[in-house]
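The model shown is predicted, which means the values in this text are computed figures rather than measured ones. As a basis for the values below, the full set of heavy atoms in this structure was taken, side chains included, without hydrogen atoms, waters or symmetry mates.
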Amino acid sequence: MQIEPITKQNLDLCVDIIFESELGKRYYPTRNLLKNKMEQSYLQDSIYLAKEEDDYVGVLWYQLKGMFCQYPYLHIIVLTEAYCGRGYGKKLMELYEHNLAYVHKVMSLGTKLFLLVGDYNHTAQRFYEKLGYTEQGRIPHLFRRGITEILMMKELRLSDVKKREENSR
């Protein structure tokens, strides 16, 4: 799998992948709303596009100081349906944590990682729990009426990231 930062030229591909996902359907009522948000964000946030051979398979979008203006926040991770459950999400999360471990060394960024997951998304909740994220609280109706967001956090241990790097060589 190739993972590359998005550019203005492939921004529409990212919009399509997100908009066509379950997350996109629940949170973005129009494609233009999502596209406008991405156009405002792609130069300041970290947004990556994942590709497998000729297929674009997913998007990873995070903010270095998106939580309390101090901690990294995973804004969106989404895969096309054909690539769900095949290890691609885990690879994107490994990139996320690897990048943040590097940034932590350079910028002394906080090592707590945060994300929100909708209470309807039990598969994602289990996925994040397996990766070491724990529930910190619930926020009803944060983005959409009827959806409670579950705040999850993980303490990034630089030694764990180093071990994972060594094992992948």
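For Asn10 (side chain) and Ile6 (main-chain N/O), no donor-acceptor pair under 3.5 Å exists by modelled atom type. Between the Asn121 side chain and the Ala124 main chain, a donor and an acceptor come within less than 3.5 Å of each other. In terms of modelled atom types and a separation under 3.5 Å, the side chain of Ser21 and the main chain of Ile18 share a donor-acceptor contact. A donor-acceptor pair under 3.5 Å is absent between the side-chain atoms of Glu39 and the main chain of Leu34, judged by distance alone.
Contact check for Tyr120 versus Arg26: side-chain heavy atoms found under the 4.5 Å cut-off. Under the 4.5 Å side-chain criterion, counting only non-hydrogen atoms from C-beta, Tyr71 is not in contact with Leu113. Side-chain contact check for Leu95 versus Leu60: some heavy-atom pair is nearer than 4.5 Å. Taking the side chain as every heavy atom from C-beta outward, His141 and Ile147 never approach each other to under 4.5 Å. In this structure the side chain of Phe114 reaches within 4.5 angstrom of the side chain of Lys112, judged on heavy atoms. Residues Pro72 and Gln63 have side chains not in contact (no heavy-atom distance under 4.5 Å, counting atoms from C-beta outward).
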Review point. Does the pair Lys37 and Asp45 meet the rule for a salt bridge (charged side-chain N to carboxylate O under 4.0 Å, His left out), with working shown?
Key: CA-CA 11 Å; Lys37 175 72 173 159; Asp45 294 350; 5.8 Å; no
Check your understanding: Is there a side-chain contact (heavy atoms from CB on, under 4.5 Å) between Ile139 and Thr148 once you walk through the steps?
Key -> CA-CA 5 Å; Ile139 309 167; Thr148 295; 5.8 Å; no
Exercise for review: Let me see the working for Thr111 and Glu155 under side-chain hydrogen bond (donor to acceptor under 3.5 Å, both in side chains), right down to the final yes or no.
Suggested key: CA-CA 6 Å; Thr111 56; Glu155 184 81 31; 2.9 Å; yes
Practice item. Test Leu13 against Leu49 for side-chain contact (heavy atoms from CB on, under 4.5 Å), laying out the working first. Key: CA-CA 8 Å; Leu13 287 167; Leu49 183 61; 4.2 Å; yes
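We find the CG-CG distance between Leu151 and Leu142 to be 10.0 Å, quoted to the nearest 0.5 Å. Note that CG of Leu156 and CG of Leu100 are 7.0 Å apart. Values are rounded to the nearest 0.5 Å. How far CG of Leu33 is from CZ of Arg31: 12.0 Å, rounded to the nearest 0.5 Å. In this structure, CG in Leu116 is found 10.0 Å from OH in Tyr128, a value given to the nearest 0.5 Å. Between the CG atom of Leu64 and the OG atom of Ser46 there is a distance of 4.5 Å, given to the nearest 0.5 Å. Residue Tyr96 holds its OH atom at 14.0 Å from CH2 of Trp61, rounded to the nearest 0.5 Å.
For Glu4, the CD atom counts as densely surrounded, since its 6.0 Å shell holds more than 12 non-hydrogen atoms of other residues, nucleotides or ligands.
The shortest heavy-atom contact between Cys14 and Met38 is CB-CE, 3.6 Å. Closest heavy-atom contact between Met152 and Val117: SD-CG1, 3.8 Å. Of all heavy-atom pairs between Met1 and Ala50, the closest is SD-CB, 3.8 Å.
Donor-acceptor pairing under 3.5 Å is lacking for the side chains of Asp16 and Tyr56. Counting only N and O atoms by type, the side chains of Gln136 and Thr134 include a donor and acceptor under 3.5 Å apart.
One finds no salt bridge joining Asp119 and Arg138 here, because no Lys/Arg side-chain nitrogen approaches an Asp/Glu carboxylate oxygen to under 4.0 Å. Look at Glu97 and Lys154 and you find a salt bridge, because one of the NZ, NE, NH1 or NH2 atoms lies within 4.0 Å of a carboxylate O, short of that distance.
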Tell me which donor-acceptor pairs under 3.5 Å the side chains of residues 74-85 have, and how far apart each pair is, sequence neighbours excluded?
unit_1, atom_1, unit_2, atom_2, d
Tyr83, OH, Asp55, OD2, 2.7

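For residues 3-55, no residue pair satisfies the ring pair (Phe, Tyr, Trp, His ring centres under 6.0 Å) rule, not counting sequence neighbours.
Under the 6.0 Å distance and 45° angle rule, Lys130 does not count as a cation-pi partner of Phe127.
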